Amino acid sequence: LLAVVAALGGCVTETVHPDSPPAAFVVAPGQRFDVPLDANPTTGYRWQLAKPLDERVVKLVGQTYQRANAGGGSPQRVGQGGFEVWTFEGVAAGRTAIELNYVRPTEKVQVPASFAIYTVEVR
């Protein structure tokens, strides 16, 4: 990923939801935690795991999309973004990283428009 960032002259940026979680989580086995990431599916971009999870330490429980201002007083606009919420669960003691890329899955060469990296320690 760093080679991609260097090749693009730093065009790749980390983008997370304004209420973003910390860059590191400390959780117990069986404890779930959410990672909300800015997203707009109308652009064709989706968040994907950049590498497989170490499922001995953490597992993916699910992911959902929520529109911005969902349930708020502001009217929705066509093409308005929101955020993807990725839910993970601690499995057993250990330390790992969760790496996510914001890519267009339909493109053969998937250069991430954004990325997010979180460390997870399960105790």
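Predicted, not measured: the structure shown is a model, and the values here were computed from it.
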For Tyr65 and Asn40, work out which heavy atoms get closest and say how close.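 That would be OH-CA, 4.4 Å.
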Do you know which two heavy atoms are closest between Ala113 and Tyr45, and how far apart they sit?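 Heavy atoms of Ala113 and Tyr45 come nearest at CB-CE2, 3.5 Å.
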Restricting to pairs with a member in residues 110-123, which pass salt bridge (charged side-chain N to carboxylate O under 4.0 Å, His left out), not counting sequence neighbours?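 The answer is Arg95-Glu121, Glu121-Arg123.
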If a pair satisfies salt bridge (charged side-chain N to carboxylate O under 4.0 Å, His left out) and one of its residues is in residues 42-51, list it, with sequence neighbours excluded.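 Applying salt bridge (charged side-chain N to carboxylate O under 4.0 Å, His left out) to every pair that reaches into residues 42-51, excluding sequence neighbours, yields Lys51-Glu99.
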What's the spacing between Phe83 CZ and Thr64 OG1 if we round to 0.5 Å?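 Answer rounded to 0.5 Å: 8.0 Å.
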Does Thr87 have any side-chain hydrogen bond (donor to acceptor under 3.5 Å, both in side chains) partners at least two apart in sequence or in another chain, and if so, which?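 Listed in chain order: Asp34.
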Please identify each residue that fulfils side-chain hydrogen bond (donor to acceptor under 3.5 Å, both in side chains) with Gln63, with sequence neighbours left out.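 By the side-chain hydrogen bond (donor to acceptor under 3.5 Å, both in side chains) rule, Gln63 matches no residue at all.
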What pairs with [X] under side-chain contact (heavy atoms from CB on, under 4.5 Å), at least two apart in sequence or on another chain?
X     : value
Glu55 : Leu53
Arg56 : Asp54
Lys59 : Glu89, Val91
Pro52 : none

Using the ring-ring contact (aromatic ring centres under 6.0 Å, His included) criterion, which residues pair with Phe33? Sequence neighbours excluded.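 For Phe33 the ring-ring contact (aromatic ring centres under 6.0 Å, His included) partners, ignoring immediate neighbours, are Phe25, Phe88.
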